[in-house]
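Below is one structure; the comments refer to it alone.
Throughout, a chain's letter reflects where its sequence line sits, starting with A, and its residues are numbered from 1. For the numbers below, each heavy atom of this structure counts, side chains included, while hydrogens, waters and symmetry mates do not.
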Number of protein chains: 2
Amino acid sequence: MLLLRGREAVMRHFRPLLRAHGLSEQQWRILRALSAVDAIEVTELAHDAFLLGPSLSRILRDLETRKLLARKTAREDQRRSMVSITPKGLKLIETVGPFSEAIYAEIARRYGGTQLGELQDLLRALDDSLSAMPVRHAAGAVDSDADSGSTSRGKRRPVKRRAVQGGR
Amino acid sequence: MLLLRGREAVMRHFRPLLRAHGLSEQQWRILRALSAVDAIEVTELAHDAFLLGPSLSRILRDLETRKLLARKTAREDQRRSMVSITPKGLKLIETVGPFSEAIYAEIARRYGGTQLGELQDLLRALDDSLSAMPVRHAAGAVDSDADSGSTSRGKRRPVKRRAVQGGR
DNA sequence: CCGGATCATTTAACATGTTAATCAGTTCGC
DNA sequence: GCGAACTGATTAACATGTTAAATGATCCGG
């Protein structure tokens, strides 16, 4: 909960800037990630921008339409699609970047550089600790009621398919 | 970004448990908040569970249908709606709670109680620092292109209505 | 009173999060 | 080579996030 509140407290200061340039946080993360490389696969980009495939897929479609990035399928493996930022996208980054950095600097100034560094260290350590921790699968949970509602989660009708993925 | 990753690292361990009992994170936060009070107004609940009104409104509708909570409009002010948890909701909390606490304890054990405490302190301090910081409104941004896309944000057509709300 | 302002909540509309399913391209065993 | 299995990306379906608008109730100044 504190993590959620902390993130919101930070983003509250960046959102107006991004919004004024027609960007969402996610779109900004994508363009930033792209600006650091020449070209990148979609899966790798999803990792870098911390987005799930479906979200990324939709946003790429939009940003491609807006000509902020370009895609071309890799020649050696036609499943892969290589994404790269366009000059127009780069220009946008260069326009917004300084303002973003100014906000970041102001946050660091208010919060204190030392604390900010400590916080980052602790967050990285948290990530490391928990990535090594196995996820418990809640065996034996009963869930006697999850289907009595009208729009609750987990209500998709099970399609009764085998768990394997072959047979497309 | 680190805040986002940190939160995801934590929630990854809770989600399977909640899911097995037919609950989303948000629904869990709502029930937890309700279990701590007798009855509460929607706006106050939104604050406690850190949700925006519209999200809360939808989820309340669902949880009410599932009989995990109940609503009744306040007699002194019919705009206000008082929300309270039902016995069924309480029972669910009591069922899931111990497992949730076990997961939390395991996280604390792996990460270290001292670090966890420090992290919490730093997050609270961050929240405090930034809540006192004014939000800059990005005056002068040009946004020459935000409307060239097909599904980008901020593209709702302005309805050209007066800003006042009277006249019903 | 009464009509405009304000307040609490919900609805609307669209973007994103999330899981499952689909689709197309590739790999591998035979 | 060919078909089953696998992989990368997208689509589908639904929940939630987010901003604006609508709705109904209360307040308040004349």
Side-chain angles (χ1 to χ4, degrees), chain A residues 4 7-8 11-12 15-16 19 22-27 29-30 41-47 49-63 71 73-83 149-168, chain B residues 4 7-8 11-12 15-16 19 22-27 29-30 41-47 49-63 71 73-83 149-168:
Chain A
L4 189 59
R7 180 177 158 73
E8 179 53 32
M11 288 315 301
R12 191 168 66 88
R15 254 189 286 267
R19 188 95 205 251
L23 292 173
S24 67
E25 314 171 36
Q26 295 82 357
Q27 294 169 347
R29 293 210 301 271
I30 289 170
E41 293 175 24
V42 171
T43 303
E44 214 175 332
L45 179 57
H47 178 266
F50 206 63
L51 292 170
L52 294 179
S55 293
L56 181 56
S57 198
R58 282 180 302 224
I59 300 174
L60 288 182
R61 196 197 322 140
D62 179 33
L63 295 181
R71 276 188 285 195
T73 59
R75 343 170 220 332
E76 76 279 10
D77 183 345
Q78 298 214 313
R79 292 170 303 183
R80 289 176 161 78
S81 165
M82 301 305 289
V83 186
S150 55
T151 56
S152 65
R153 210 153 193 169
K155 290 200 55 255
R156 276 177 216 86
R157 268 199 287 99
V159 183
K160 276 315 200 297
R161 275 177 66 86
R162 292 179 51 231
V164 299
Q165 297 161 284
R168 309 302 153 72
Chain B
L4 189 60
R7 179 176 158 74
E8 178 52 31
M11 288 315 301
R12 191 168 66 90
R15 254 190 284 267
R19 186 94 206 249
L23 293 173
S24 65
E25 313 171 35
Q26 294 82 358
Q27 294 167 346
R29 293 209 301 271
I30 290 170
E41 294 176 24
V42 171
T43 303
E44 214 175 332
L45 180 57
H47 178 265
F50 206 62
L51 291 171
L52 294 178
S55 292
L56 181 56
S57 196
R58 284 180 302 224
I59 300 175
L60 288 182
R61 195 195 328 138
D62 179 31
L63 295 181
R71 274 189 286 193
T73 60
R75 338 167 225 330
E76 74 281 7
D77 184 345
Q78 299 215 313
R79 290 171 304 184
R80 289 175 161 77
S81 166
M82 301 303 291
V83 186
S150 54
T151 55
S152 65
R153 209 151 194 170
K155 289 202 52 256
R156 274 175 219 86
R157 266 200 287 100
V159 183
K160 275 315 197 293
R161 274 179 65 86
R162 294 178 51 231
V164 300
Q165 295 161 283
R168 302 293 134 70

Scan nucleotides 26-28 of chain D against the protein and return all N/O pairs shorter than 3.5 Å with their distances rounded to 0.1 Å.
{"unit_1": "D:dT26", "atom_1": "OP1", "unit_2": "B:Gln78", "atom_2": "N", "d": "2.9"}

Would you mind reading off the distance between [X] atom [atom1] and [N] atom [atom2], rounded to a whole angstrom?
{"X": "B:Arg80", "N": "C:dC7", "atom1": "CZ", "atom2": "C1'", "value": "8 Å"}
{"X": "B:His47", "N": "C:dT9", "atom1": "NE2", "atom2": "C1'", "value": "18 Å"}
{"X": "A:Leu63", "N": "D:dT10", "atom1": "CG", "atom2": "C1'", "value": "16 Å"}
{"X": "B:Phe50", "N": "D:dT16", "atom1": "CZ", "atom2": "P", "value": "17 Å"}
{"X": "A:Arg19", "N": "D:dT19", "atom1": "CZ", "atom2": "P", "value": "6 Å"}
{"X": "B:Leu60", "N": "C:dT9", "atom1": "CG", "atom2": "C1'", "value": "10 Å"}
{"X": "B:Ile59", "N": "C:dT9", "atom1": "CD1", "atom2": "C1'", "value": "15 Å"}
{"X": "A:Leu4", "N": "D:dT16", "atom1": "CG", "atom2": "P", "value": "14 Å"}

Contact summary for [X] and [Y], nearest pair of heavy atoms:
{"X": "A:Arg71", "Y": "A:Leu60", "result": "NH1-CB, 3.9 Å"}
{"X": "B:Gly22", "Y": "B:Gln27", "result": "O-OE1, 3.5 Å"}
{"X": "A:Leu56", "Y": "A:Val42", "result": "CD2-O, 3.4 Å"}

Kindly say if A:Arg58 contacts the phosphate of C:dG17, meaning a side-chain N or O under 4.0 Å from OP1 or OP2.
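Indeed not, no polar side-chain atom of A:Arg58 lies that close.
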Verify the contact: side-chain N or O of B:Gln26 to OP1 or OP2 of D:dG17, cut-off strictly under 4.0 Å; return yes or no.
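So the side-chain polar atoms of B:Gln26 do come within 4.0 Å of the phosphate oxygens OP1 or OP2 of D:dG17, strictly under.
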Closest to the [X] side chain, choosing from [options]:
{"X": "A:Ser24", "options": "C:dT16, D:dG17, D:dT11", "result": "C:dT16"}
{"X": "B:Arg15", "options": "C:dT18, D:dT18, C:dA8", "result": "C:dT18"}
{"X": "A:Arg71", "options": "D:dT10, C:dT10, D:dT11", "result": "D:dT10"}
{"X": "B:Pro54", "options": "C:dG17, C:dT9, C:dA12", "result": "C:dA12"}

Under 3.5 Å: donor-acceptor pair, side chain of B:Arg29, backbone of B:Ala49
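Confirmed, B:Arg29 side chain pairs with B:Ala49 backbone.
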With heavy atoms under 4.0 Å as the rule, sort B:Ser55 into base, sugar-phosphate or nothing.
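It contacts base atoms.
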What is the nucleic acid contact for A:Leu51, judged by heavy atoms within less than 4.0 Å: base, sugar-phosphate only, or nothing?
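Sugar-phosphate contact only - A:Leu51 comes under 4.0 Å of backbone atoms but never of a base.
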Taking the nucleotide of DNA chain C with the nearest heavy atom to each, does B:Ser81 or A:Ala74 sit closer to the 5' end?
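It is B:Ser81 whose nearest nucleotide is closer to the 5' end.
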Set of side-chain hydrogen bond (donor to acceptor under 3.5 Å, both in side chains) partners for B:Arg80, sequence neighbours left out
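For B:Arg80 the side-chain hydrogen bond (donor to acceptor under 3.5 Å, both in side chains) partners, ignoring immediate neighbours, are B:Glu41, B:Asp77.
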Residue list, side-chain hydrogen bond (donor to acceptor under 3.5 Å, both in side chains) with A:Glu8, at least two apart or on another chain
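Result, side-chain hydrogen bond (donor to acceptor under 3.5 Å, both in side chains) vs A:Glu8: A:Arg15.
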Going by heavy atoms in the side chains, are B:Glu25 and B:Arg19 under 4.5 Å from each other?
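No - every pair of side-chain heavy atoms lies 4.5 Å or more apart.
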